[in-house]
Amino acid sequence: MKTSSAAVAVPLLDLAAQYRPLRDEILHAMTRVADSQRFILGPEVDGLERELADMLQVAHAVGVSSGTDAIVAVLMALGIGPGDEVITPTHSFIATASSVSRVGATPVFVDIDPVTFNLDPAAVERAVTPRTRAIMPVHLFGLPAELNPLLATARRIGATLIEDAAQAIGATYHGRPVGSIGDVGCFSFFPTKNLGAFGEAGLVTTNDAALARELRLVRDHGAESKYVHARVGGNFRIDAIQAAVLRVKRPHLAAWSEARRRNADRYRTLFDEFGLDRRVETPVETPGCHHIYNQFVIGADDRDQLRAHLTASQIGTEIYYPVPFHRQACFGEPSRGAGPWPAADRAAARSLALPIYGELTEAQQRHVAASLAGFYAAR
Ligand SMILES: *Cc1c(COP(=O)(O)O)cnc(C)c1O
């Protein structure tokens, strides 16, 4: 007899399930842009920026071409470059650190907290030098980083606190949206993020009017007016068609993130039921931090064998991230004094992301739990 769960495939992400009920509205919005023939910046982008500034409780929101470009544009606007150091976690998506290298500055890789996977404030303190110009915590997987001690360090040394909020739109830290707490926030609308565009797009948030003005210049070749350039910038503009799609999706974000939270709870209940609580570590929620579960990342022994077992059960997984920055060839020798990095090395060896998207069914999650239990029962 075939067990019912054996027939349930569980992709890591199912974007079509989210798209289906919004299809007509999204196509209507895209048609609106096509009919207007205004593809770059313009009223759709202005509208999106207003709506996101309101939602994220900031004075200024500047739409840009991607989350990566959000970080690069911020560093350029701040005038960070050769000779400057920017502290980042060593365990994150590559853009967090490579953006620092791209502007000619030095990324300084700091270890994470072993439980939250976010930047360890005490390790940051030890990595500060007279060259530290910015500290860039990442709200990894959607869990807000411990911002208060990082802000205190940044203020004391006169550095800028840049929040890499690419994975955490809508997450809150002691009631305030991430991206509104540091000096500046960077967001991504890459399709796999909780608020995903139909291609590339990003956003910068700040309450600093002068920085916002500089960001608008940097985004558009430093142009104050047509062909008059106040500074060297780039093409970091957001497409109107992406803005139009995002304006349709944005009002649903809170409900989508709540569905992810419900699914995280359901995994915890199922893991209990299957006796998995002693076999795998599940994501934590720290006091005052509202997690939006862009990813649900477990820690497990024999991670690679476990992953192969889940793949054979038609369960999609991913490893975020298998190689920390301090071991990436692209950065060469890591900056002296910033290590060691035991928590990041441990996370790289044990982390496995399970499907967590809002449209997951209970049957699918049960299949994941049963498959995990099957793996450990056999060893
Ligand atoms: C996705 C992501 C980025 C980059 O965003 P893109 O839109 O893909 O360029 C930067 N930092 C983190 C932590 C991310 O997850």
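Atoms within a ligand are numbered from 1 in the order they appear, just like the ligands themselves. Everything quoted here is computed from the prediction, not taken from an experiment.
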Using a strict cut-off of 4.0 Å, indicate which atoms of ligand 1 neighbour a heavy atom of Thr96.
11 (N), 13 (C)
Backbone or side chain, does any N or O of Thr68 fall under 3.5 Å from an N or O of ligand 1?
yes
How far is atom 13 (C) of ligand 1 from the closest protein heavy atom, and which atom is that?
Asp164 OD2, 3.4 Å
Ignoring angles and geometry beyond distance, decide whether Ser92 reaches within less than 3.5 Å of ligand 1 through its nitrogen or oxygen atoms.
no
Tell me which one of Glu359, His252, Lys249 satisfies side chain to side chain donor-acceptor pair (under 3.5 Å) with Gln18.
Lys249
For the rings on Phe109 and Phe331, is their centre-to-centre separation under 6.0 Å?
yes
Looking only at heavy atoms, which two atoms of Asp239 and Ile40 are closest? And how far apart?
OD1-CD1, 4.2 Å
Tell me whether ligand 1 is touched by Lys193 - counting only heavy atoms on the residue side and a distance under 4.0 Å.
yes
Which atoms of ligand 1 sit under 4.0 Å from any heavy atom of Val138?
13 (C)
Search all heavy atoms of Ile71 against all heavy atoms of Ala95 and return the closest pair with its distance.
CD1-O, 4.0 Å
If you count the atoms of ligand 1 from 1 in the order shown, which ones are under 4.0 Å from a heavy atom of Ala166?
2 (C), 3 (C), 10 (C), 11 (N), 12 (C), 14 (C), 15 (O)
Do ligand 1 and Glu200 have nitrogen or oxygen atoms that lie under 3.5 Å from each other?
no
For Gln167, the ligand 1 atoms whose distance to one of its heavy atoms is below 4.0 Å:
13 (C), 14 (C), 15 (O)
Any N or O of Phe189 that comes nearer than 3.5 Å to an N or O of ligand 1?
no
Distance-only N or O hit between ligand 1 and Ser188, under 3.5 Å:
yes
For the student: nearest non-hydrogen atoms of Ile94 and Phe325, plus distance
CA-CE2, 3.6 Å
Between Ile162 and Asp183, does the side-chain contact (heavy atoms from CB on, under 4.5 Å) criterion hold? Intermediate values first, please.
CA-CA 6 Å; Ile162 303 169; Asp183 298 292; over 6 Å; no
Ignoring hydrogens, what is the shortest heavy-atom contact between Ala240 and Val45? Give both atom names and the distance.
CA-CG2, 4.1 Å
Tyr357 ring center near Tyr293 ring center (under 6.0 Å):
no
